[in-house]
Chemist: 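For reference, the structure I am asking about is given below.
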Amino acid sequence: PEVPVDPESIVVRQEFAVSRDGTRVPMFIVHRRDLEPDGSTPTLMYGYGGFDISILPSFNATRFPWLEAGGIYVSVNLRGGGEYGEAWHRGGMLDRKQNVYDDLYAAAEHLVAEGYTSPANLAVLGGSNGGLLTGVAATQRPDLWAAAISAVPLLDMVRFPQFLMARFWIPEYGDPSKPEDLSWIIRYSPYHNVQAGRQYPAMLITAGENDNRVHPMHARKMAALLQQSAGNDFAEDPIMLWVDREGGHGAGKPLSLRIRETADIWSFVMWQTGMKSGPQG
């Protein structure tokens, strides 16, 4: 399609971080060709890490206002995906799920160490299983992020099989009704790891009222608990909940709702990462 952007103005490079157990984790770093990162460049990381799904480079016109305004976009290939075959998938499922989150933290720390950005200018985005990812990232490592966007997420992992079709995901996550499985699930379940009085990144949590995959109760419960318990200055680092009364899990969403959601997410990210100007200055 004809879009008012110049792909030649953008550079994409692949770099690798070293995760906690020594695994090399790839990421694609995207920014304007003439941008010189200075250690405080507004940066958005995206990850998924599950269900054997490979997150490959792709064109998305809605990222260009961010890139043109001087932001960095980073797509991380976490374990749990399918990028390196079934062994890569199995390395991030069941009792090895923590590997996915450690991979994300290693990638974020790589960006800071290499002078791309800082935790005060870094946001993380994910949806569905990726919404679980960002929920875990915000609760396990709140020091790494200025903001986290958790879209249509799983967040109460102790009760997830009780709602809608989620029981079919037990082979990926485990069965929390079994004590052995619960022992690893409870350690990362975002809802169960919120600490009263702790400062968390600003969060935008979204849900679809008509979602038939992930129940909106996850987003509602998490937002309510954080709003009650977090030690944030909510004027500066809010915990925000958006439940789309017309939407579902995402597939088939009409253009008007997709535009609204995209505008909400990017404006939130720009605000929280300290981006000072819009596209073209």
Side-chain angles (χ1 to χ4, degrees), residues 42-50 66 71 73-74 76 78 100-101 104-105 107-108 111-112 117-158 160 188-209 211 214-245 247 249-250 260-275:
T43 300
L44 177 68
M45 295 182 68
Y46 172 81
Y48 187 79
W66 172 256
Y73 182 84
V74 182
V76 189
L78 306 165
V100 182
Y101 313 129
L104 181 74
Y105 310 151
L111 294 171
V112 173
T117 191
S118 74
N121 307 103
L122 180 60
V124 62
L125 165 68
S128 194
N129 174 72
L132 169 63
L133 172 77
T134 58
V136 175
T139 50
Q140 286 190 348
R141 290 295 306 274
D143 58 301
L144 267 181
W145 326 100
I149 299 90
S150 185
V152 290
L154 292 136
L155 295 167
D156 179 352
M157 294 304 292
V158 172
F160 82 89
Y188 72 78
S189 176
Y191 183 79
H192 297 90
N193 285 279
V194 173
Q195 298 178 23
R198 192 176 193 185
Q199 185 167 347
Y200 290 98
M203 290 192 71
L204 174 60
I205 307 172
T206 73
E209 188 70 51
D211 195 329
V214 178
H215 199 288
M217 73 89 183
H218 288 275
R220 289 187 171 117
K221 286 178 64 172
M222 188 69 172
L225 181 61
L226 284 167
Q227 289 172 355
Q228 179 187 45
S229 304
N232 293 29
D233 176 349
F234 289 114
E236 297 294 326
D237 300 304
I239 307 297
M240 304 177 73
L241 172 68
W242 167 248
V243 180
D244 190 334
R245 302 293 189 187
H249 197 64
R260 181 175 65 187
E261 180 180 45
T262 299
D264 284 348
I265 289 173
W266 281 118
S267 58
F268 181 78
V269 171
M270 289 177 175
W271 168 32
Q272 290 297 322
T273 59
M275 184 168 278

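Numbering of residues begins at 1 and proceeds along the displayed sequence. Just so it is clear, the values below take in all heavy atoms, side chains as well, and ignore hydrogens, waters and symmetry mates.
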Chemist: What's the verdict on side-chain contact (heavy atoms from CB on, under 4.5 Å) for Leu133 and Tyr48, showing C-alpha distance, side-chain angles and the deciding distance?
Modeler: CA-CA 7 Å; Leu133 172 77; Tyr48 187 79; 6.0 Å; no

Chemist: Would you name the heavy atoms of Val112 and Ser118 that are closest together and state the gap between them?
Modeler: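 Reported closest heavy-atom pair: CG2-CA, 4.1 Å.
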
Chemist: Quick check: do Met275 and Trp66 have side-chain heavy atoms less than 4.5 Å from each other?
Modeler: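 Answer yes - side chains close enough.
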
Chemist: Does Met240, at its CE atom, have more than 12 non-hydrogen atoms belonging to other residues, nucleotides or ligands within less than 6.0 Å?
Modeler: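 Counting other residues, nucleotides and ligands, CE of Met240 stays at 12 neighbours or fewer.
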
Chemist: Can you tell if the side chain of Thr206 reaches within under 4.5 Å of the side chain of Leu204, non-hydrogen atoms only?
Modeler: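 SC-SC contact between Thr206 and Leu204 confirmed.
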
Chemist: Quick one: does Val76's side chain get under 4.5 Å of Met45's, heavy atoms only?
Modeler: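 With C-beta onward as the side chain, the pair touches.
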
Chemist: So, applying side chain to side chain donor-acceptor pair (under 3.5 Å) with Gln140, which one of Tyr101, Tyr188, Tyr105 is it?
Modeler: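 The single option meeting the side chain to side chain donor-acceptor pair (under 3.5 Å) with Gln140 is Tyr105.
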
Chemist: Taking all non-hydrogen atoms of both residues into account, name the closest pair between Val214 and Pro153 and its distance.
Modeler: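 What the structure gives for the nearest pair is CG1-O, 3.0 Å.
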
Chemist: I need the Leu132 CG to Met157 CE distance, nearest 0.5 Å.
Modeler: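 Answer for the CG-CE pair, Leu132 versus Met157, is 5.0 Å.
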
Chemist: With a 3.5 Å distance limit and no angle check, can you tell me whether Trp145 reaches the backbone of Ala137 through a side-chain donor-acceptor pair?
Modeler: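 Checked: pair present.
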
Chemist: Going by heavy atoms in the side chains, are Thr262 and Trp266 under 4.5 Å from each other?
Modeler: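 Yes, their side chains come closer than 4.5 Å.
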
Chemist: For Asn232 versus Gln199, what's the shortest heavy-atom pair and its separation?
Modeler: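 Looking at all heavy atoms of both residues, the closest pair is OD1-CA, 3.4 Å.
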
Chemist: Please check if the side chain of Arg198 supplies one atom and the backbone of Pro142 the other of a donor-acceptor pair under 3.5 Å.
Modeler: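 Not a single qualifying donor-acceptor pair exists.
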
Chemist: Quick one, Asp244 and Glu261 - any side-chain contact, counting heavy atoms below 4.5 Å?
Modeler: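 When only atoms from C-beta onward are counted, Glu261 and Asp244 do not touch, as no gap falls below 4.5 Å.
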
Chemist: Look up atom CG in Asp211 and atom CE in Met217, then write down how far apart they are to the nearest 0.5 Å.
Modeler: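 So the gap between those two atoms works out to 11.5 Å.
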
Chemist: Say you draw a straight line from CG of Leu125 to OG of Ser150; how long is it, rounded to the nearest 0.5 Å?
Modeler: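 Nearest 0.5 Å value for the CG-OG distance: 9.5 Å.
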
Chemist: Would you check if the side chain of Thr273 reaches a backbone N or O of Asn121 as a donor-acceptor pair within less than 3.5 Å?
Modeler: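 No; judged by distance alone, with no hydrogens or angles, the pair does not exist.
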
Chemist: I need the minimum non-hydrogen distance between Tyr200 and Leu226, along with the two atoms involved.
Modeler: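 That closest heavy-atom pairing would be CD1-CD2, 3.8 Å.
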
Chemist: Kindly give the heavy-atom pair with the smallest separation between Leu144 and Ala108, and that separation in Å.
Modeler: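 Smallest interatomic distance, heavy atoms only, reads CD1-CB, 4.1 Å.
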
Chemist: Side-chain contact, heavy-atom cut-off 4.5 Å: Ile239 with Met222?
Modeler: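 Contact flag for Ile239/Met222 side chains = no.
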
Chemist: Between Thr134 and Ile149, is there a donor-acceptor pair closer than 3.5 Å when you use the side chain of the first and the backbone of the second?
Modeler: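 Answer holds: yes.
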
Chemist: Nearest 0.5 Å please: distance from the CE atom of Met203 over to the CG atom of Leu241.
Modeler: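 It comes to 10.5 Å.
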
Chemist: If you measure from CE on Met270 to CG on Leu44, what distance do you get to the nearest 0.5 Å?
Modeler: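 Separation between the atoms: 10.0 Å.
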
Chemist: CG/Asp156 to NE2/His218 distance, rounded to the nearest 0.5 angstrom?
Modeler: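 Spacing of CG (Asp156) from NE2 (His218) equals 6.0 Å.
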
Chemist: Parallel, tilted or perpendicular: which fits the ring planes of Tyr73 and Tyr46, with parallel below 30° and perpendicular above 60°?
Modeler: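 Plane angle under 30°, so parallel.
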
Chemist: So which heavy atom on Phe268 is nearest to which on Pro238, and how close?
Modeler: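 Where Phe268 meets Pro238 most closely, the heavy atoms are CE1-CG, 4.4 Å.
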
